[in-house]
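Remarks on the structure that follows.
When reading the values below, keep in mind they use all heavy atoms of this one structure, side chains included, and skip hydrogens, waters and symmetry mates.
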Amino acid sequence: MVPFTLMEAILYNLVRAVPLILLAFYPFRGKRRFSPEITALFHEAILLTWMFISLFNVYFSESAIVMVIVEMMGFVLIATLYVAANKSHPGRMLFFCFMLINVGYMTTVTSKCLEGYLFPDLVMDRYRWSATLCLAIVSPLILIPVFYFMKWEKDTVTQEMQPNYIWQFSWLVPTTFYLIWAQEFYGTGSPLIWATNVYNVIFLGIVNLGSFLIYYLILRLVRDNARYMHLREENHVLALQVMQYEDLNQRISTASQGRHDLRHHIVTIENMVNDGNLEELKKYLYEIGKKYQLDDALVYCSNTTVNGVLLYFAREAAQLNIEYKVKIGIPEDIKIDKTDLSVLFGNLLENAVEACKRLRAGKGKIDVRGQTNQNTFALAIDNTYEIAPEKDKKGRFRSMKHSGVGIGTESVKNIVTRYNGVIEFETRGDLFCVSVMLYLP
């Protein structure tokens with residue numbers, strides 16, 4: 001018979017688990033995958049799983065090996081429920097999941113050590129009321145700094161674009177520390193005796209502080225990398241705006257010259273009409289139209305940001321003798337940031353023009369199609385190509401201008417991720433096709 005009641009065990013595990021579960025979901029507020037009611041069910045399922053692990057190990061586990069196996073299986077289930085409940089990169093969620101499991105270990109061991117000094121006669125009884133009391137004393141001292149750490153992460157990191165490739169591996173860091181905790185806690189004999197040794201607690205406290213320093217450096221890396229990518233996108237937008245400004249100045253200059261030359265054209269046309277030379281008149285009118293680009297489209301859509309980018313690349317395509325078709329409908333009040341629109345269209349069209357420029361035979365073609373409705377924005381850009389873009393081992397397109405990954409394509413992928421969208425790249429005969437679907441907030 002165990003020397004504690006079932007209610008004492010349940011109360012202890014509630015005091016231990018509930019704060020950690022609330023902390024785990026804190027960074028993902030506003031990123032629920034389901035309704036608040038269903039998300040609450042995930043909270044309860046995680047709590048019940050935690051409770052089952054603890055009570056099973058107390059009443060049924062006969063050795064430390066069995067306890068470790070049951071605990072690991074339970075934590076895998078907890079991590080699965082946690083990842084399923086939130087909309088974020090799985091690596092980021094696992095990072096916080098195992099980080100807080102380690103915090104839970106630290107809280108448990110520290111409270112047991114305190115219980116050994118305050119209630120030495122009860123410490124070996126595991127879940128007595130004294131254990132719950134010491135846990136209630138220790139938990140705020142450890143969890144409040146952890147909360148501020150999580151708040152710093154939420155306020156300074158999650159607002160920026162997060163490169164997903166960092167989260168693909170960073171979650172292994174807290175997972176490794178979890179394995180260290182498990183080995184120390186269960187692999188050295190009795191966990192209760194081990195936890196009452198103050199030197200063990202101090203040692204693992206130092207390890208825990210070191211682990212949080214590593215966590216901090218990882219999050220700083222995520223933030224700084226995200227800011228770098230954000231600045232790179234802003235520079236790309238500024239470069240597009242400069243090119244559009246130069247293009248507008250050239251159009252204004254051409255229009256001014258045309259107005260100045262208008263009276264000379266009128267005299268020439270009158271002479272051709274009076275002479276009845278209609279063939280020469282047609283040829284002359286065609287040359288005027290070509291010179292002043294009278295057949296250029298001025299408005300592709302009502303969104304001024306997108307229209308400016310489309311107009312600039314229309315001019316680029318015309319100078320390179322690229323067939324350029326646009327059929328698009330984007331309102332001015334679309335719920336997509338103007339910078340994101342500029343980067344999205346600018347990068348994809350720039351890549352399309354570059355692909356057409358590399359054609360050694362045949363005429364380049366670019367076909368742009370896009371449409372919005374209440375909830376989604378769809379975009380498709382097809383262009384002729386001759387040299388297929390290469391991919392690296394991670395499926396990222398290599399740049400054809402420099403060594404390494406294509407900056408523009410990665411920027412587009414980040415925008416698609418930010419709007420919970422999808423993007424596909426495929427080839428159809430001599431066409432390279434990009435399809436984008438964004439979900440509007």
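The side chain to side chain contact (heavy atoms under 4.5 Å, CB included) test applied to N208 returns N102, M106, W181, S211, F212, not counting sequence neighbours. Partners of N420 by side chain to side chain contact (heavy atoms under 4.5 Å, CB included), not counting sequence neighbours, listed by chain and number: K87.
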Stepwise side chain to side chain contact (heavy atoms under 4.5 Å, CB included) test for Y127 and T5 = CA-CA 8 Å; Y127 290 149; T5 66; over 6 Å; no

Output, in order, the C-alpha distance, side-chain angles, deciding distance and verdict of side chain to side chain contact (heavy atoms under 4.5 Å, CB included) for M93 and F28.
-> CA-CA 9 Å; M93 289 185 280; F28 304 101; 3.4 Å; yes

Could you walk me through whether K357 and L320 pass side chain to side chain contact (heavy atoms under 4.5 Å, CB included), step by step?
-> CA-CA 7 Å; K357 286 169 63 176; L320 297 168; 3.5 Å; yes

Worked check of side chain to side chain contact (heavy atoms under 4.5 Å, CB included) between F377 and K335 = CA-CA 9 Å; F377 163 67; K335 295 179 180 179; over 6 Å; no

Stepwise salt bridge (Lys or Arg N to Asp or Glu O under 4.0 Å) test for D382 and K365 = CA-CA 8 Å; D382 303 340; K365 297 179 182 179; over 6 Å; no

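Scanning both residues, L219 and E153, for their nearest heavy atoms gives CD1-CG, 3.5 Å. Among all heavy-atom pairs drawn from G364 and T384, the shortest one is CA-OG1, 3.3 Å. For the residue pair I415 and D340, the shortest heavy atom distance occurs at CD1-O, 3.5 Å. A pairwise comparison of heavy atoms in I53 and G74 identifies CD1-CA, 3.3 Å as the closest pair. Heavy-atom minimum distance, C113 versus A195: CB-O, 3.4 Å. The nearest pair of heavy atoms linking L94 to A79 is CD2-CB, 3.7 Å.
Taking CG from L344 and OG1 from T305, the interatomic distance works out to 12.0 Å, rounded to the nearest 0.5 Å. I214 CD1 to M99 CE: the interatomic distance, rounded to the nearest 0.5 Å, is 13.0 Å. For the atom pair CD1 of I381 and CG of N351, the computed distance is 9.0 Å after rounding to the nearest 0.5 Å. Going from atom CD1 of I366 over to atom SG of C356 covers 4.5 Å, rounded to the nearest 0.5 Å. Rounding to the nearest 0.5 Å gives a distance of 5.5 Å between OG of S170 and CD1 of I218. Expressed to the nearest 0.5 Å, how far CG of N414 lies from CD1 of I423 amounts to 10.5 Å.
Counting heavy atoms from C-beta on, the side chains of M150 and L100 come closer than 4.5 Å. Looking at T108 and Y12, their side chains come closer than 4.5 Å, going by heavy atoms from C-beta outward. When side chains are defined from C-beta on, T196 does not count as touching Y117, because their heavy atoms never get closer than 4.5 Å. Considering only heavy atoms from C-beta on, K338 comes within 4.5 Å of E332 through its side chain. No side-chain heavy atom of L221 sits less than 4.5 Å from a side-chain heavy atom of L217. Using a 4.5 Å heavy-atom cutoff, the side chains of L179 and T176 are not in contact. Using a 4.5 Å heavy-atom cutoff, the side chains of I101 and I78 are not in contact. Counting only heavy atoms from C-beta outward, the side chains of Y312 and L349 never approach each other to under 4.5 Å.
Proximity of a side-chain donor or acceptor of S342 to a complementary backbone N or O of T339 within less than 3.5 Å is not detected. No donor-acceptor distance shorter than 3.5 angstrom exists from the side chain of K363 to the backbone of E323, with no hydrogens or angles considered. With T110 contributing its side chain and T107 its backbone, the two residues share no donor-acceptor pair below 3.5 Å. Of the possible donor and acceptor atoms, none in the side chain of N307 sits under 3.5 Å from a partner among the backbone N and O of N303.
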Scan the side chains in residues 36-52 for donor-acceptor partners under 3.5 Å anywhere in the protein, sequence neighbours excluded, and list what turns up.
| unit_1 | atom_1 | unit_2 | atom_2 | d |
| --- | --- | --- | --- | --- |
| E37 | OE1 | S35 | OG | 3.4 |
| T39 | OG1 | S35 | O | 2.9 |
| T49 | OG1 | A45 | O | 2.8 |

Show me the donor-acceptor pairs, under 3.5 Å and distance only, between side chains in residues 428-441 and residues at least two apart or in other chains.
| unit_1 | atom_1 | unit_2 | atom_2 | d |
| --- | --- | --- | --- | --- |
| R428 | NH2 | E426 | OE2 | 2.7 |

Show which side-chain atoms of residues 129-147 pair as donor or acceptor with protein atoms under 3.5 Å away, not counting sequence neighbours.
| unit_1 | atom_1 | unit_2 | atom_2 | d |
| --- | --- | --- | --- | --- |
| S130 | OG | E115 | OE2 | 2.5 |
| S139 | OG | L135 | O | 2.8 |

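For the ring-ring contact (aromatic ring centres under 6.0 Å, His included) with F98, the qualifying choice from Y215, F177, Y178 is Y178, the only one to do so.
Annotation: Y82 is in aromatic contact with F25 [ring centroid separation under 6.0 Å]. Two rings, from F313 and F345, have their centers 6.0 Å or more apart. For Y216 and F149, the distance between ring centers is not under 6.0 angstrom.
For F203, the CZ atom counts as loosely surrounded, since its 6.0 Å shell holds 12 or fewer non-hydrogen atoms of other residues, nucleotides or ligands.
Salt-bridge annotation for E8 and R128: present, with a side-chain N of the basic residue lying under 4.0 Å from a carboxylate O of the acidic one.
Checking Y324 against D367 by side-chain atom types alone, no donor-acceptor pair falls below 3.5 Å.
Evaluation of the salt bridge (charged side-chain N to carboxylate O under 4.0 Å, His left out) test over residues 431-441, restricted to residues two or more places apart or in two chains, returns none.
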